[in-house]
There are 2 protein chains.
Amino acid sequence: MVSIGELSQQTGVSTQAIRYYEQIKLLPAPKRADNSYREYDDSDVERLQFVKRARQLDFALGDIAEILAFRDQNEPPCQYVMNVMAQQISAIEERVADLQRLRDELATLHRAGLTMPEDIEMKQCVCHLIKTGLSNEVGNDE
Amino acid sequence: MVSIGELSQQTGVSTQAIRYYEQIKLLPAPKRADNSYREYDDSDVERLQFVKRARQLDFALGDIAEILAFRDQNEPPCQYVMNVMAQQISAIEERVADLQRLRDELATLHRAGLTMPEDIEMKQCVCHLIKTGLSNEVGNDE
DNA sequence: CTAAACCTTATAGTAACTATAAGGTCAAGT
DNA sequence: ACTTGACCTTATAGTTACTATAAGGTTTAG
Ligand SMILES: [Zn+2]
Ligand SMILES: [Zn+2]
Ligand SMILES: [Zn+2]
Ligand SMILES: [Zn+2]
């Protein structure tokens, strides 16, 4: 039996996060010692290790809860896990594409800004470009 | 003078977001009509358009507030804007690198999962791999 | 006997909103 | 005159996955 602090050390999950997981029922409420301290056993350690890794793979807590619910009901979660992974992968790919578009836009603006004067009215300067974007601005202002 | 609904339509920012921006002092509290409805003028429209675009570039509201504060104090925000853009760009690049690493890891696990059996104990199956990672698992289990 | 290093619960804060409740105002139609 | 619908108002709760803080109880070492 380990205390919450020891569980935290063994898993690298903070004690507050562990209590939070218990609160949202991702982890079962553990036994309590006479002093009302939480006491965890090996299966709790294993469960939390799984949660930790799944979080590192950026699985949502709701997805992790569903995966663990499968197991708790003696059904293999494998298929569900595969689905979540597939969804994660396409979500990430979309996010990366969005971010790269954004990065290109910012880089272009930044480059343009290097050649522009300061302007308190934000008409001649890079700030103006933020508002209008580059496309309608190259060479002809308004 | 335009109402909040008209301002919303002209800028593509929801009325709730507009009220929220007012609450956090990103936008000044506008005049009120006799019926206590908010009334906006052209400078409000322009300011909100700037905010909208900056948000599309994923500037944080705090950064946008600082940019607008420069202007409100008659100082050109250009330098600050350039700094924020530079920071944004490197933050995005780091995030993209992180996401790509994550994507690769998930894709590898997913591929491995296709060849693995279902296992309610999560020992032989892809779920197990989630817990341990791939590196310590290829070919030799425990 | 007291100080530290634990543990407990409850609550607030993070970012940038969205959604809802409960109500007031206004123009149009019957 | 009255009702319907589309506006507007404020206040509050919810989203995600936690972290941080407050205010206190317990245990161990010096
Ligand atoms: Zn499995
Ligand atoms: Zn222009
Ligand atoms: Zn400027
Ligand atoms: Zn193994």
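Lettering of chains follows the sequences in order, A, B, ..., and the numbering in each one begins at 1. These numbers were taken from a predicted model, which means no experiment stands behind them.
Annotation: the terminal axes of the helix from dC1(C)-dG30(D) to dT30(C)-dA1(D) meet at 30°, where each axis is the rotation carrying the C1' atoms of four end pairs onto the next four (5 pairs per end, rounded to 10°).
Using a 4.0 Å heavy-atom distance criterion, Arg19(B) is classed as a base contact. As judged by a 4.0 angstrom heavy-atom cut-off over every strand, Ile4(B) is placed among residues touching the sugar-phosphate backbone only. Within 4.0 Å of Arg55(A), counting heavy atoms only, lie sugar-phosphate atoms of the nucleic acid but no base atom.
Residue Arg38(B) places no side-chain N or O under 4.0 Å from the OP1 or OP2 atom of dC7(D). An OP1 or OP2 oxygen of dT10(D) is reached within less than 4.0 angstrom by a side-chain nitrogen or oxygen of Arg32(B). Look at Asn35(A) and you'll find a side-chain N or O under 4.0 angstrom from OP1 or OP2 of dT27(D). Taking side-chain N and O atoms only, Tyr21(B) has a distance below 4.0 Å to OP1 or OP2 of dC17(C). Side-chain nitrogen and oxygen atoms of Ser14(B) include at least one within less than 4.0 Å of the OP1 or OP2 phosphate oxygen of dT18(C). Residue Ser3(B) places at least one side-chain N or O under 4.0 Å from the OP1 or OP2 atom of dC8(D).
Side-chain N/O atoms of Glu6(B) and Ser3(B) include a donor and acceptor closer than 3.5 Å.
The neighbour count for Asn35(A) CG, taken as heavy atoms of other residues, nucleotides or ligands under 6.0 Å away, is above 12. Counted within 6.0 Å of CD on Gln9(B), heavy atoms from surrounding residues, nucleotides or ligands total 12 or fewer; the atom is thus considered open. Glu121(B) CD: 12 or fewer foreign heavy atoms inside a 6.0 Å radius.
If you measure from atom CD1 of Ile24(B) to atom P of dT14(C), you get 12 Å, rounded to the nearest angstrom. We find that OH of Tyr20(B) is positioned 16 Å from C1' of dA11(D), with the value rounded to whole Å. We find that NZ of Lys25(A) is positioned 18 Å from P of dA17(D), with the value rounded to whole Å. The CD atom of Glu39(A) sits 16 Å away from the P atom of dT26(D) (whole-angstrom rounding). Atom CG of Leu7(A) is separated from atom P of dT8(C) by 11 Å (rounded to the nearest Å). For the pair Leu27(A) CG and dC18(D) C1', the computed distance is 14 Å after rounding to whole Å. Taking atom NZ of residue Lys52(A) and atom P of nucleotide dA17(D), one finds them 16 Å apart after rounding to whole Å. Going from atom CG of Leu26(B) over to atom C1' of dC17(C) covers 13 Å, rounded to whole Å.
Taking a cutoff of 4.0 Å between a charged side-chain nitrogen and a carboxylate oxygen, Asp72(B) and Arg47(B) qualify as a salt bridge.
Both Tyr37(B) and Ser36(A) lie close to DNA chain C; mapped to their nearest nucleotides by heavy-atom distance, the more 5′-ward contact belongs to Ser36(A). Place Glu6(A) and Gln23(A) on DNA chain C by their nearest nucleotides, and Glu6(A) ends up nearer the 5' end. Nearest-nucleotide positions on DNA chain D for Glu22(B) and Asp34(A) put Glu22(B) closer to the 5' end.
From Ile64(B), atom CD1 reaches atom CZ of Phe50(B) across 7.0 Å, with rounding to the nearest 0.5 Å. Atom CD1 of residue Ile120(A) and atom SG of residue Cys127(A) lie 9.0 Å apart, to the nearest 0.5 angstrom.
Remark: side-chain polar atoms of Glu105(A) are not paired, donor with acceptor, to backbone N or O of Leu57(B) under 3.5 angstrom.
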